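Below: the structure, in structure tokens.
Naming: A, B, ... by sequence-line order, numbering from 1 per chain. None of the values given here were measured: they were computed from a predicted structure. The figures that follow rest on heavy atoms only: side chains count, while hydrogens, waters and symmetry mates do not.
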Amino acid sequence: MLTRWALGTFSLIIYAIVYLPIALIVLTSFNQSPITTLPIEHLDIHWYKALFDDTKTLQSLWTSLQVGGISTLVATILGLMSALAIVRHNFRGKNVFLLLTIMPMLAPGIIMGVSLLLFARAVGFQTGFVAVLLGHILLALPYCTFILISSLARFDRSLEEAARGLGAGELAVLRCVTLPGIAPGIIGAALFAFTISIGEFVVSFFLTSAGTTTLPIRIYSIVKVGITPEINAVSTLILVATLALSAVALRLTWSKRN
Amino acid sequence: MNVGENARRRGERGQLACLLVPPLLTLLVLFVAPISLMAVYGFWATDENYLIQQSLQLTQYEKIVHDPLYLGTLVSSAGMALMTTVGALLLALPLSYYLVRFVSPRWRVLLVLALIVPGWVSVLIRTYSWNLVIGEAGLMNWLLLSTGVINEPIRLLFTKTSVVIGLVYIYLPYMLVPIYASIERLDESLLEAAENLGAGPFRRFLHVTLPLISPGIVAGCVITFIPAVGEYVVPNMLGGLKGMMYGNLITTAFSNFDWPLGAALSMVLLASILACLLIVGRFLDVNRSVLGRE
């Protein structure tokens with residue numbers, strides 16, 4: 001009984017600490033005063049209004065959405081290919097390929113960022129939008145692959161046999177049976193890739209050029225000067241968007257398993 | 001029969017090639033080639049005009065070994081990552097144990113998710129949010145000052161402590177998932193058997209629970225420690241000069257256009273991480289503890 005109470009209190013404190021900084025961001029975004037100090041006297045939404053007049057921040061939001069959208073599409077397709085190869089085929093060097101897929105997850109972001117920068121310069125590739133995009137594809141690829149490996153492993157292959165027995169060709173089987181069957185996994189992987197891309201900072205930091213500022217880079221450049229309620233307003237919006245996307249992703253990828 | 005079999009096999013080969021080539025090429029061009037190029041850069045040097053001399057030499061590595069700043073920062077980064085790992089472990093272990101033992105399965109899943117999902121919000125935002133908590137005008141000082149516990153604000157920000165706090169916060173989900181998974185898989189009947197044989201709660205934990213969940217603990221420690229050593233955002237936002245980590249040195253070298261030095265520093269970090277993985281890999285069954293399958 002004592003253990004239960006002690007552990008319960010301890011856990012409660014951890015939950016409080018995890019949510020405290022997040023709650024403070026949301027709270028100070030509604031602070032009327034331009035300085036983010038406590039106590040907060042008047043609450044209003046004028047920092048959200050200011051946000052809509054801040055063209056630089058809006059521009060960076062647009063860049064982030066573009067990078068996120070394209071890198072999600074590419075990473076999900078590449079991840080699906082890897083997952084199909086790994087789950088459905090046996091080939092020499094499969095373990096090496098798996099290891100190679102995991103590696104970008106383990107290497108520190110800073111090393112990926114600087115090595116991509118060196119490489120881009122060496123082959124005469126301009127840093128900027130496409131470079132950031134490629135960096136985000138690389139970062140999301142391992143996650144997409146592993147999410148899709150697990151959905152493919154759970155997919156009942158006898159459905160494909162049935163379709164083949166009814167005369168469907170390989171591509172038709174893939175398009176009409178396999179892909180719809182693992183659709184929740186695909187959407188989950190895509191949402192995960194998008195979440196990674198929207199929040200990513202270090203790799204973009206090295207690959208960006210003056211014209212392609214993503215939202216985290218914009219936030220960084222403002223925070224370095226001083227935290228403002230406007231930044232907290234942006235962060236609150238990102239927070240809400242991330243939580244909503246994660247909820248959908250989880251609903252889709254977890255419901256089948258449990 | 002034989003001809004058909006051969007054709008089928010060839011068709012499968014072609015299919016496999018179509019599936020394998022695009023992702024493989026992506027990984028080779030965006031990961032293997034850049035890292036390999038960086039390895040080469042580490043053996044080059046710059047002259048006084050920051051022009052790169054492409055001749056193989058060990059200048060950068062000699063600099064790293066002889067200047068105590070570089071290896072010293074690597075050691076202190078490893079120390080901070082170790083503190084982070086221990087801190088996250090001390091939080092995750094009792095928490096996971098509580099969730100598995102005392103919370104109904106339905107709520108348990110939701111409560112675990114409640115700790116993981118905030119982890120998907122941008123690291124940048126979650127890190128700077130600690131400014132609002134431990135900064136000079138933050139919540140902690142405001143509470144302590146207004147209740148009269150202290151007269152002067154505590155300057156916690158821009159120290160090693162604030163970096164470790166931020167790191168524990170960022171990496172707690174990494175530690176939590178494998179530990180929670182291993183505790184959840186624990187066979188309750190073994191604990192009951194130990195109880196029937198007269199073992200108290202402490203002995204049960206030490207001699208039954210701990211050995212059984214050790215793969216989860218090791219996995220959690222590895223996937224917390226490794227990215228924490230190379231962390232850049234947290235020390236940059238919360239560290240200042242006192243809380244600098246190895247990642248900051250790499251960035252500084254690159255922003256000073258000393259690319260060979262930056263490359264050599266990066267290779268030292270990568271080599272240290274690989275060495276850690278190899279050492280731990282000897283004691284760790286990756287399939288069982290990371291991928292969660294037997």
Most heavy-atom pairs under 4.5 Å with chain B, out of Leu116(A), Ile77(A), Thr195(A), Ile137(A), belong to Leu116(A)
Do other residues, nucleotides or ligands put more than 12 heavy atoms under 6.0 Å from Arg13(B) CZ?
-> no
Check Leu90(B) against Phe10(A) and note the closest heavy-atom contact, atom names and distance.
-> O-CZ, 3.6 Å
Are Phe192(A) and Trp120(B) side-chain neighbours, meaning at least one heavy-atom pair lies under 4.5 Å?
-> yes
So Tyr232(B) and Phe206(A), would you call those rings parallel, tilted or perpendicular, with 30° and 60° as cut-offs?
-> tilted
What pair of heavy atoms forms the shortest contact from Met38(B) to Val114(A), and how long is it?
-> SD-CG2, 3.9 Å
So, do Val74(A) and Thr26(B) sit near enough that their side-chain heavy atoms are less than 4.5 Å apart?
-> no
pair Ser11(A)-Leu99(B): side-chain heavy atoms closer than 4.5 Å = no
Give a yes or no on whether the backbone of Pro118(B) and the side-chain of Tyr19(A) come within a donor-acceptor separation of less than 3.5 Å.
-> no
Is it the backbone or the side chain of Phe201(A) that comes under 4.5 Å from a heavy atom of chain B, or both, or neither?
-> side chain
Which portion of Ile238(A) sits near chain B, non-hydrogen atoms under 4.5 angstrom = side chain
What is the minimum heavy-atom distance between Ser129(B) and Ile25(A), and which atoms define it?
-> CB-CD1, 3.4 Å
Among Val29(B), Val233(B), Asn236(B), who wins on heavy-atom pairs under 4.5 Å with chain A?
-> Asn236(B)
Heavy-atom closest pair (Trp259(B) atom, Leu118(A) atom, distance to 0.1 Å) is CE3-CD2, 3.1 Å
Taking atom OH of Tyr41(B) and atom OG of Ser115(A), what is their separation to the nearest 0.5 Å?
-> 12.0 Å
Test log, rule side-chain contact (heavy atoms from CB on, under 4.5 Å), inputs Leu95(B) and Leu7(A) | CA-CA 7 Å; Leu95(B) 181 65; Leu7(A) 284 174; over 6 Å; no
Which residue out of Phe97(A), Phe119(A), Phe91(A) racks up the most heavy-atom pairs below 4.5 Å with chain B?
-> Phe119(A)
Taking all non-hydrogen atoms of both residues into account, name the closest pair between Ile17(A) and Tyr169(B) and its distance.
-> O-CE1, 3.9 Å
Of the listed residues (Leu269(B), Ile226(B), Leu274(B)), which shares the most heavy-atom pairs with chain A below a 4.5 Å separation?
-> Leu269(B)
CG of Leu27(B) to CG of Leu99(A), rounded to nearest 0.5 Å, is 11.0 Å
Region of Met103(A) that comes under 4.5 Å of a non-hydrogen atom in chain B = both
May I ask you to name which of Leu106(A), Thr101(A), Ile198(A), Leu100(A) has the most heavy-atom pairs under 4.5 Å with chain B?
-> Leu100(A)
Name the option with the most non-hydrogen atom pairs under 4.5 Å to chain A; the candidates are Gly135(B), Gly230(B), Pro94(B), Ala263(B).
-> Pro94(B)
Minimum heavy-atom distance between Tyr15(A) and Leu111(B), given as atom pair plus value | OH-O, 2.6 Å
Per-residue tally against chain A (heavy atom, under 4.5 Å) across Ile273(B), Leu270(B), Leu172(B), Val32(B) peaks at Leu270(B)
From Ile14(A) atom CD1 to Leu91(B) atom CG, the distance as rounded to the nearest 0.5 Å | 4.5 Å
Among Thr145(A), Ile13(A), Leu215(A), Ile231(A), residue most engaged with chain B (heavy-atom pairs, under 4.5 Å) | Ile231(A)
Please flag which part of Pro22(B) lies under 4.5 Å from any non-hydrogen atom of chain A: side chain, backbone, both or neither.
-> both
Where on Glu170(A) is there a heavy atom nearer than 4.5 Å to chain B: the side chain, the backbone, both, or neither?
-> side chain
Interface residue of largest heavy-atom contact number with chain B, from Ile111(A), Leu245(A), Thr242(A), Leu138(A), under 4.5 Å | Ile111(A)
Find the one option among Val21(B), Leu20(B), Val103(B) whose heavy-atom pairs under 4.5 Å with chain A are most numerous.
-> Leu20(B)
Quick check: are there more than 12 heavy atoms from other residues, nucleotides or ligands sitting under 6.0 Å from CG of Leu2(A)?
-> no
Of all of Gly8(A), Ala120(A), Ala122(A), which one pairs up most often with chain B through heavy atoms under 4.5 Å apart?
-> Gly8(A)
Using a cut-off of under 4.5 Å on heavy-atom pairs, state which of Leu277(B), Val229(B), Leu37(B), Leu124(B) scores highest against chain A.
-> Leu124(B)
So which part of Arg88(A) gets closer than 4.5 Å to some heavy atom of chain B, the side chain, the backbone, both or neither?
-> neither
Evaluate the side-chain proximity of Ile22(A) to Val121(B): yes if any heavy-atom separation is below 4.5 Å, no if none is.
-> no
Heavy-atom proximity to chain B below 4.5 Å, by part of Val223(A) = side chain
